[in-house]
Amino acid sequence: MAERPKKTFLYLNRKAPYGTIYALESLEVVLIGAAFEQDVSLAFLDDGVFQIVEGQDASALGMKNFSKTYRALGDFEVRKLYVERESLAERGLSEADLMPIMWEDEDEDYAEKPSIRLVDRSEMTRLIGAADVVLSF
Amino acid sequence: MSTLHTVNKSPFERGSMASAFAHAVEGDAVLMIEDGVLGARKTGAFSPTITGRSGAVSIYALGPDLAARGVKAEDVADGVTIVGYDGFVDLAATHDRVCAWL
Amino acid sequence: MKFAVVVNEGPYTHQASDSALQFVKAALDKGHEIFRVFFYHDGVNNGTRLTVPPQDDRNLQRAWSEIALTRNVDLVVCIAAAQRRGILDANEAKRQGKDADNIAPGFRISGLGQLIEAGIEADRVVVFGD
């Protein structure tokens, strides 16, 4: 099969974790999708920003705390996690409330670099408009 | 390069409609489907938002969903074009991507 | 044009499956190709043949099965989501040691890679959900 240009996949995460399964099953798509070597970005906006807040403890729910999996995304070459500034602010959150999610740059002696990129709403809008495929969860 | 945004939530129940409009740019289209069509009522509180954006953004509502919910064509806000499922398909085909605001 | 459709909700509770079905029919009637319909989250529940809706209601599973069989549309149920929710084909039932399977005609169970492949192969992806 001939080599084809990569497509830009944008995963649009707008729902909080635990109340519904969308966040968890979205993450499962991202992990599987990583093997396809496309250009992958994750967008966190609206209540989706709660998916990556620090200090989640689901133990009393009897549910799995899957938030640690976001930290492993770098190992799957998923390095672009865009978080909308306005969505954080509306919810009384700031970047300091988010988990540190890093990836290792093998070209720079495995230096750890942040995967989270705070963007304002206009930049988020531009990202949506630049995607080939938007998968909404 | 333009986007078709689909919204299936009433703006009176959730923020999806407001988010969709906040992320729609000139040349984009917003299509209200399912409970989303409830935002299209002319006398409803969301209609000023629609009227305000209808110059830059093309706004559509799915006719079968309006009819099912008892919203008549004459009740729909100015600036909203009513389409059927075939129109939905055309909109999806003529824009570069479809972004669902669930 | 080549469309891929994603259905994230089961039948009856939410309109998503109905909307997707109407969209698929309209697209086919216009001469477009449906590369695949991918059922994810509770959407996998569209693929059980054991539903018995009232006589005067629509039968969504049968409607999807007809689309698959008469118009040659690929209906894929996500295996991970299906296992969580008890949707099994004969192979999976055997593999998991279950005493029955319930996948409906025209549906097949496969991996999430089928969703990514649909995104790569199709010109447009349209998502229906809640």
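In what follows, every chain begins at residue 1, and chains take the letters A, B, ... in the order their sequences are listed. Worth saying up front: this structure is predicted, and the values here are computed from it rather than measured.
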query: In terms of side-chain geometry, is the basic nitrogen of A:E54 or A:R71 positioned less than 4.0 Å from the acidic oxygen of its partner?
result: yes
- prompt: Side chain, backbone, both or neither: which part of B:S2 has an atom under 4.5 Å from a heavy atom of chain A?
  reply: neither
Residue pair A:M124 / A:Y82, side-chain heavy-atom distance below 4.5 Å: yes
query: Under 30°, 30 to 60°, or over 60°: which ring-plane class applies to B:W101 and B:H5, parallel, tilted or perpendicular?
result: tilted
- prompt: Contact part of A:L12 toward chain B, heavy-atom cut-off under 4.5 Å: side chain, backbone, both or neither?
  reply: side chain
query: Is there any residue in residues 89-111 of chain A with a non-hydrogen atom under 4.5 Å from a non-hydrogen atom of chain B, and which ones are they?
result: none
task: Applying salt bridge (Lys or Arg N to Asp or Glu O under 4.0 Å), run through A:K80 and A:D39 and close with a yes or a no.
output: CA-CA 9 Å; A:K80 291 184 283 188; A:D39 178 1; 2.6 Å; yes
- request: In plain terms, say whether A:D132 and A:K7 are close enough for a salt bridge, that is, a side-chain N and a carboxylate O under 4.0 Å apart.
  value: no
Contacting region of A:L45 [heavy-atom separation from chain B under 4.5 Å]: side chain
- line: By side chain to side chain contact (heavy atoms under 4.5 Å, CB included), B:A18 pairs with (sequence neighbours left out) none
- request: Might you work through the salt bridge (Lys or Arg N to Asp or Glu O under 4.0 Å) test for A:E123 and A:R121, ending with a clear yes or no?
  value: CA-CA 5 Å; A:E123 175 66 3; A:R121 189 157 283 162; over 6 Å; no
